Structure formats: structure tokens, C-alpha cells
Protein chains: 2
Amino acid sequence: MPKSKISRPQIIQVSLKTLANCQSLDQFSMRKVATTLQIDASTIYWYFESKQAILQAMADEIAAQISFPDANLDWKTQLTQLFNNLFDVYTTHPHTAELMIETIPSSEVRLALMNHIIGILVDAGFSETQGSAAMSTIDFFLTGLVIDLSKERQFRTEINDKQAAYLHEQVTQIHQITHDEHLVHMQNSVKSRNSESAKQQFEAGLKLILKGLVADKEG
Amino acid sequence: MPKSKISRPQIIQVSLKTLANCQSLDQFSMRKVATTLQIDASTIYWYFESKQAILQAMADEIAAQISFPDANLDWKTQLTQLFNNLFDVYTTHPHTAELMIETIPSSEVRLALMNHIIGILVDAGFSETQGSAAMSTIDFFLTGLVIDLSKERQFRTEINDKQAAYLHEQVTQIHQITHDEHLVHMQNSVKSRNSESAKQQFEAGLKLILKGLVADKEG
DNA sequence: ACCTGAACACCGTTCAAGT
DNA sequence: ACCTGAACACCGTTCAAGT
């Protein structure tokens with residue numbers, strides 16, 4: 001057993017892998033990380049002062065993967081590319097949107113990322129306040145969407161894997177009620193939601209917000 | 001001690017009060033609810049089959065508080081009123097946005113609410129797909145914003161109440177890095193975020209999305 | 001029908017003790 | 001300097017047992 005020495009970066013990597021194997025962020029635990037590292041849970045506390053500190057480090061690691069689009073491009077395509085990039089990173093690494101929310105954006109990577117997004121908008125002619133508000137709007141939308149997707153998948157796998165009879169009831173109830181109460185719009189909504197991919201859904205929303213920004217500029 | 005009989009509605013009410021006294025949704029526990037009800041935690045399982053079932057009931061209770069605006073109004077004012085109403089309910093009852101995300105919208109109240117929102121847009125001339133997408137976009141934005149606000153307040157009170165030296169460090173780091181790295185846009189963002197209320201922030205984002213919808217209609 | 005108590009399998013965190 | 005083990009104060013959930 002070549003028990004390689006433990007290190008901070010190693011713990012972060014293993015933590016990210018552990019998180020990826022969890023069904024939700026709160027199933028992620030120090031004890032699980034410790035088990036795969038073949039160390040006692042308390043050992044981690046020599047490298048990180050708390051679970052929160054690990055989450056911060058994990059969030060920074062993910063944020064570092066976001067690349068900035070070519071600054072010569074149109075501001076709209078720049079934003080589209082950057083947020084599509086964010087969407088992709090969030091969906092390839094499960095629960096990272098939750099990670100971002102549970103965590104304070106105090107690192108250089110995360111602050112620089114936000115600064116860059118606002119910068120794109122300011123360079124396009126928007127005020128600092130407008131740029132800041134627009135970034136938040138898109139970011140909250142993206143985060144809300146990805147977290148919702150994540151929860152939905154969690155419910156689905158819980159229904160399949162374990163018993164979870166209760167959750168299954170809830171889902172069938174949706175169809176019953178929408179039918180019995182003649183909630184026509186909800187019936188259509190379920191259909192269109194199934195035919196469209198999550199990415200398409202995100203792109204549609206982003207396009208809507210960008211259109212609002214353009215209208216803001218002209219008006 | 002007039003030990004009044006336990007009932008499902010009573011448990012739901014006490015649960016909502018208990019949640020309101022928590023700093024986050026995952027601090028909410030069956031054992032806390034049981035303590036205030038002066039019963040054993042296991043007793044709750046006679047009335048609810050799981051914690052998830054209680055969360056569902058709590059979410060429905062909150063959703064029932066949302067009132068529909070006058071259908072004769074302009075679709076834009078209808079949406080504005082309804083989502084402002086949602087924002088107010090979410091902020092007056094802490095952690096209810098999290099509650100909605102952690103929970104399946106399987107009840108009549110919640111499905112009817114969504115159906116109504118799409119209906120406003122369809123009546124305004126949008127397609128079912130457009131209406132459904134627009135509702136999601138606004139809802140995810142609202143949810144993301146409120147959850148973020150909630151987390152921020154949680155961090156703030158943890159810094160004040162307990163030790164939480166680590167969290168305090170993170171916050172001071174934000175200012176240090178934005179200054180040292182000359183992240184001008186972030187500096188302005190922090191300023192404008194402090195001068196504007198959360199409600200103003202929400203209204204700005206909502207206005208942006210509505211403008212996008214108008215542009216969609218005209219284009 | 002309603003409620004309890006003990007138990008199980010989990011958490012994060014601390015700290016004296018080991019090497 | 002690095003790591004462990006036991007302990008503490010928590011979780012959700014189950015189930016035999018009580019009334």
C-alpha cells in the first residue's frame with residue numbers, strides 16, 4: 001500500500017470526485033472524502049479548518065475552468081459564449097451551482113470572473129449599475145435553472161434506485177391534477193419541457209434577457 | 001399543561017414557525033419541530049411519512065398565500081404584481097424559496113399557480129412554449145435571487161452571532177482582492193448593490209425580462 | 001388510535017494522545 | 001509535523017413496546 005502523502009490539492013480533487021458521485025450537495029460529507037483517501041475524517045482538519053473551507057476551495061477550482069471569450073467579439077456573443085460555458089461547466093460537474101451559492105465569492109478567480117462579465121457590458125455602453133444588475137439577473141437565472149435540473153434528476157434517480165414510493169406518488173399526482181383540473185397550460189408546459197433540452201431552455205431564457213438589454217439600450 | 005391533541009395542520013404550522021427561526025433550510029429538523037410540540041420526534045411519523053412529506057405540505061401552505069392579480073389588467077402589470085407578490089411572500093417567510101426547490105410541485109395550488117402564469121402570457125398572445133419558457137425564466141431568476149439573499153444573510157448573522165472567524169476572513173478578502181487587482185467593476189457593483197434594496201434589484205431584473213418579451217412580440 | 005424509547009446509521013467538529 | 005480514536009452534539013428513520 002503506497003500511502004501517498006495527503007495534501008490540500010489532493011483533498012480538493014478527491015472532494016470534487018466525491019461530490020460528483022453524490023446525489024446532492026448535502027450528501028457530500030467529510031467522512032466520505034476521508035474514506036476514499038483512506039484516512040480518518042479528523043485528519044482533514046489538519047489541512048482545512050472546516051467543511052466550508054473545502055467547499056470554497058472546490059468552488060474556486062471549478063471557477064478556474066471558465067474561460068473568457070475573445071474580447072473583440074460583439075458583446076452579445078461574448079456574453080452568450082461565456083454563460084454557455086458556465087452552463088456547460090455546471091452541468092458536467094454536478095452540484096457546482098449549489099456549491100457557488102453555498103460559498104462566498106472571495107477568491108481572485110471568482111471576483112475576476114464577475115468583474116469581466118460586468119466589463120463586457122460596460123464596454124458595450126451600459127452603465128456600471130446596469131451591467132451589475134444584468135450580470136446578476138443572468139447569473140441568478142442560470143443558477144436557479146441548474147439547481148432545479150439537479151433536484152429533478154435527484155428525485156428521478158431516487159425513485160428508480162430506492163423505494164421512494166412517496167416521491168413516485170407526487171409525480172403521478174402532477175399528471176392527475178393537471179388532467180382533472182383542466183390545467184391546459186401546464187399540460188402543454190410539461191410537453192414542451194420534455195421536447196426541449198435543458199440547454200435549449202437556458203438559451204431561450206438568455207436570449208430573452210439579452211433582448212431586454214438591447215431594448216434598454218435603444219429606449 | 002393542557003396538552004392539545006396533535007394534528008397534521010398543527011405540525012405544518014409549527015414547522016413553518018420552526019423554519020422561520022432557522023438560519024437555513026437544512027438547520028430545520030424533525031427533532032426541533034418535535035421539541036416545540038413537546039412530543040417525541042418519532043411521533044411525527046404517525047402523521048407524516050417522511051420529512052419530505054412535511055416539506056411538501058409546508059410549500060403548499062406558502063403557495064396558497066399567493067393571490068392572483070385582476071385578470072382585466074395589462075399582462076405586464078399582471079405579471080409584475082404576481083411576481084412581486086411572490087417575492088414578498090418569499091422574503092417574509094424565510095427559506096421558502098429553498099422549500100419550493102427542494103419540493104415537487106405536485107399540489108393543486110402550485111400547479112394552478114404555474115398554469116395561471118402561463119395563461120397570462122398565452123392570453124397576451126404568446127405561444128404556449130413561449131409562455132412556459134418565460135415563466136421558467138422569471139421563476140428561476142426570482143428563486144436564485146432570493147436564495148442568494150438568504151445565504152448572504154445567513155453568513156452575516158453567523159459572523160455576528162458566533163465566532164465564524166473564517167467567514168469573516170472571506171468577506172475582508174473580497175475587498176482586499178477587488179482593490180489589489182483593480183477590479184473596478186466589482187468595486188462599483190458592491191457599491192450599487194448596497195445602495196439598492198433587494199426588491200429594487202428584483203424589479204430591475206423583472207423589467208429586463210419583460211422588455212425582452214415585448215421585443216419578442218414585436219420582432 | 002396514538003405515542004414513546006431505544007436503536008441504527010449517519011453527520012461536523014474537537015482534542016488529547018500517539019508517531 | 002502529521003495522524004488517529006474517542007467523544008460530543010447533532011441528524012432522519014424504524015420498530016417493538018406501551019396506553
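Worth saying up front: this structure is predicted, and the values here are computed from it rather than measured. Every heavy atom of this structure was used, including side-chain atoms; hydrogens, water molecules and symmetry mates were not. Numbers restart at 1 for each chain; the letters A, B, ... are given by sequence-line order, proteins then strands.
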*Nearest listed nucleotide, side chain of A:Ile39, among D:dT4, C:dC2, D:dC2*: D:dT4

*Does any donor atom in the side chain of B:Ser67 or B:Asn85 lie under 3.5 Å from an acceptor atom in the other side chain?*
yes

*Take nucleotides 14-19 of chain D nucleotide by nucleotide from the 5' end and write B, S or -, depending on whether a protein heavy atom sits under 4.0 Å from the base, only from the sugar-phosphate, or from neither.*
BB----

*Hunt down any stem DNA chain C takes part in, defined as 3 or more consecutive Watson-Crick or G-U pairs whose two distances are each under 3.5 Å.*
C:4-8 with D:12-16, C:12-16 with D:4-8

*Answer yes or no: is there a donor N or O on one side and an acceptor on the other, between the side chain of A:His175 and the main chain of A:Val171, under 3.5 Å?*
yes

_Chi angles and distances behind the side chain to side chain contact (heavy atoms under 4.5 Å, CB included) call for B:Gln10, B:Tyr47_ = CA-CA 11 Å; B:Gln10 191 196 6; B:Tyr47 297 92; over 6 Å; no

_CA sep, side-chain torsions, deciding dist, call: A:Lys207, A:Glu203, salt bridge (charged side-chain N to carboxylate O under 4.0 Å, His left out)_ = CA-CA 6 Å; A:Lys207 213 175 252 182; A:Glu203 281 173 334; over 6 Å; no

*Please state whether the rings of A:His116 and A:Phe68 are parallel, tilted or perpendicular, taking 30° and 60° as the class boundaries.*
parallel

*Using a heavy-atom cut-off of under 4.0 Å over every strand shown, decide if A:Phe48 touches base, sugar-phosphate, or nothing.*
nothing

_I need the OH-P distance between A:Tyr47 and D:dA1, as an integer number of Å._
12 Å

*Among B:Leu19, B:Leu99, B:Leu16, B:Asn21, which residue meets the side-chain contact (heavy atoms from CB on, under 4.5 Å) test with B:Phe28?*
B:Leu19

_Expected output is a numbered-order residue list: members of residues 27-35 of chain B with a heavy atom under 4.0 Å from any atom of DNA chain D. What is it?_
B:Phe28, B:Ser29, B:Met30, B:Arg31, B:Lys32

*Do B:Gln13 and B:Lys17 pass the side chain to side chain contact (heavy atoms under 4.5 Å, CB included) test, and can you show the C-alpha distance, the side-chain angles, and the key distance before you say yes or no?*
CA-CA 6 Å; B:Gln13 290 309 317; B:Lys17 272 185 195 162; 6.0 Å; no

*Let me know the distance between CD1 of B:Ile44 and P of C:dT4, rounded to the nearest Å.*
10 Å

*For the residue pair A:Phe141 and A:Phe202, categorise the inter-ring angle as parallel (less than 30°), tilted (30 to 60°) or perpendicular (more than 60°).*
parallel

*Could you tell me whether a side-chain N or O of A:Ser150 sits under 3.5 Å from a main-chain N or O of A:Val146, the two making a donor and an acceptor?*
no

*What is the distance from atom OG of B:Ser15 to atom CD1 of B:Ile44, rounded to the nearest 0.5 Å?*
6.5 Å

